Visitor: 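Pasting a structure here, questions to come.
In each ligand, atom 1 is the first atom listed, and ligand 1 is the first ligand listed. In this text the structure is predicted, and so the values were computed from the model without any measurement. All residue numbers in this chain count up from 1 along the given sequence. Just so it is clear, the values below take in all heavy atoms, side chains as well, and ignore hydrogens, waters and symmetry mates.
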Amino acid sequence: MPLELFLNATSPYARIVRVCALEKGLEDRLILNWVDPWADDAELIEVNPSAKVPALCCEDRTSITETLPILYYLDSLTEKPILLPRESLAAVLHGVGLGMGLVDAGFQTVIARKYAGRTDADRSHLGKRRLAAIERILSRLEAETVSRNSYNGDTQLTLDDIVIGVALDYLRFRLPEVEWPLRFPALAAWEDTRLTRRSFHDTRFTS
Ligand SMILES: N[C@@H](CCC(=O)N[C@@H](CS)C(=O)NCC(=O)O)C(=O)O
């Protein structure tokens, strides 16, 4: 059996997994199972009782849920390219953590707005904390852009590049009023080089 990924087209978490699968050259081993996680899809719930995407069925039908464990597993499937290189593991995981923080704060903002309305969601205690977290993470990423590995379009990506790259594009997609590309120019230049890469281009968000 091939690997089977449960996903939807607007999930930043699922896109991170897809970009990783493409970068790892796993395209031919992977079936994409498009589902609506909000519709209590029975097949998805069987694989992931949390009813969330992404969820992965392995070739032996073991299921793996949650983005980071799925990424860890995919990275183990091929020797090269390695998304979590041992020699720079702390630095890469540092970036992965910042990127996942941005995805979480962005996604939770979008969902809270959807169910509570934008004004109530953003003015709530948790809403203010999420928006403040987005600002702080963007500032931190901007400050660290110079020290982040330089990228010329051919260089192999590591997991931090992928998570941060998708997180930033998710903000552009769902929270355009944040206007981060105008306010964080170094980060915008860094992101531009990633979005042209095939793995990012072929997985771009569609509503
Ligand atoms: N912690 C999970 C978050 C995944 C997640 O929240 N996925 C959203 C789509 S972007 C979802 O499926 N939500 C459905 C729900 O919460 O019921 C991960 O890292 O994979």
Side-chain angles (χ1 to χ4, degrees), residues 3-24 26 30-58 62-77 83-84 92-118 120-122 124 126-127 129-131 133-134 137 141 157-176 178 180 199-200 202-207:
L3 296 159
E4 183 177 4
L5 178 66
F6 290 76
L7 76 167
N8 74 354
T10 55
S11 167
Y13 303 95
R15 185 175 177 198
I16 290 169
V17 171
R18 277 191 79 195
V19 172
C20 287
L22 288 171
E23 291 290 336
K24 294 288 287 179
L26 293 168
L30 188 69
I31 286 179
L32 301 180
N33 191 337
W34 300 92
V35 292
D36 176 0
W38 301 97
D40 291 335
D41 183 286
E43 207 187 351
L44 173 63
I45 289 175
E46 181 63 28
V47 172
N48 183 4
S50 303
K52 291 184 186 194
V53 295
L56 184 77
C57 265
C58 302
T62 304
S63 61
I64 305 179
T65 61
E66 297 286 318
T67 303
L68 291 177
I70 294 171
L71 298 177
Y72 185 79
Y73 178 71
L74 292 184
D75 201 29
S76 77
L77 290 181
L83 301 178
L84 286 167
V92 170
L93 290 177
H94 166 80
V96 170
L98 290 178
M100 285 306 283
L102 195 55
V103 169
D104 286 343
F107 174 68
Q108 292 302 332
T109 298
V110 170
I111 290 304
R113 285 178 179 181
K114 183 174 171 189
Y115 287 99
R118 179 168 170 172
D120 285 353
D122 288 2
S124 70
L126 291 178
R129 287 185 64 80
R130 283 189 294 261
L131 293 172
I134 289 173
I137 296 169
L141 289 172
L157 301 188
T158 47
L159 192 55
D160 50 340
D161 296 307
I162 295 170
V163 175
I164 294 168
V166 171
L168 292 171
D169 203 37
Y170 183 71
L171 291 192
R172 209 195 294 250
F173 172 58
R174 285 296 200 215
L175 302 173
V178 173
W180 70 263
S199 57
F200 275 87
D202 289 1
T203 59
R204 56 198 183 279
F205 293 116
T206 50
S207 18

Visitor: Pick one: which of Asp104, Thr67, Asn8 meets side chain to side chain donor-acceptor pair (under 3.5 Å) with Tyr13?
Guide: Asp104

Visitor: Of the protein's non-hydrogen atoms, which lies at the shortest distance from atom 10 (S) of ligand 1, and what is that distance?
Guide: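 The closest one turns out to be Ser11 OG, 3.1 Å.
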
Visitor: Any nitrogen or oxygen of Met100, main chain or side chain, under 3.5 Å from a nitrogen or oxygen of ligand 1?
Guide: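 Not met; the criterion fails.
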
Visitor: Okay, side chain of Arg174, backbone of Gly106: is any donor-acceptor separation there less than 3.5 Å?
Guide: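 The answer is no, because no donor-acceptor pair under 3.5 Å joins these two groups.
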
Visitor: What is the nearest protein non-hydrogen atom to atom 19 (O) of ligand 1, stated with its residue, atom name and distance?
Guide: Thr67 OG1, 3.1 Å

Visitor: Among protein heavy atoms, which sits nearest to atom 13 (N) of ligand 1, and what does the distance come to when rounded to 0.1 Å?
Guide: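 Result for atom 13 (N) of ligand 1: Trp38 CZ2, 3.5 Å.
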
Visitor: Under the side chain to side chain contact (heavy atoms under 4.5 Å, CB included) rule, what do Ser50 and Thr65 come out as? Steps first, then yes or no, please.
Guide: CA-CA 9 Å; Ser50 303; Thr65 61; 5.9 Å; no

Visitor: Please write down residue, atom name and distance for the protein heavy atom closest to atom 12 (O) of ligand 1.
Guide: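 Result: Val53 N, 2.9 Å.
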
Visitor: So if I count the atoms of ligand 1 from 1 in the order they appear, which ones are less than 4.0 Å from some heavy atom of Ala51?
Guide: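 Contacts of ligand 1 toward Ala51, numbered from 1: 14 (C), 17 (O).
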
Visitor: Quick check against the 3.5 Å criterion: does Asp169 have a side-chain atom that pairs as donor or acceptor with the backbone of Val166?
Guide: no

Visitor: Relative to the ring of Phe205, is the ring of Tyr170 parallel (under 30°), tilted (30 to 60°) or perpendicular (over 60°)?
Guide: perpendicular

Visitor: List ligand 1 atoms under 4.0 Å from Pro37, heavy atoms only on the residue side.
Guide: 12 (O), 14 (C)

Visitor: What protein heavy atom lies closest to atom 1 (N) of ligand 1? Include the residue and the distance to one decimal.
Guide: Glu66 OE1, 2.7 Å

Visitor: Considering heavy atoms of the protein only, find what lies nearest to atom 6 (O) of ligand 1 and give residue, atom and distance to 0.1 Å.
Guide: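 Answer for atom 6 (O) of ligand 1: Phe107 CE2, 3.5 Å.
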
Visitor: If I apply the N/O under 3.5 Å rule, does Asn8 come out as touching ligand 1?
Guide: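 No; every N/O pair is 3.5 Å or more apart.
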
Visitor: Quick one: does any side-chain atom of Arg18 pair with a main-chain N or O of Ser199 as donor and acceptor, under 3.5 Å?
Guide: no

Visitor: Mark up the atoms of ligand 1 that fall under 4.0 Å of a heavy atom belonging to Pro54, in ascending order.
Guide: 20 (O)

Visitor: What's the spacing between Leu77 CG and Tyr72 OH if we round to 0.5 Å?
Guide: 12.0 Å

Visitor: Under the 3.5 angstrom rule, does the side chain of Asp41 hit a backbone N or O of Val35 as a donor-acceptor pair?
Guide: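 No.
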
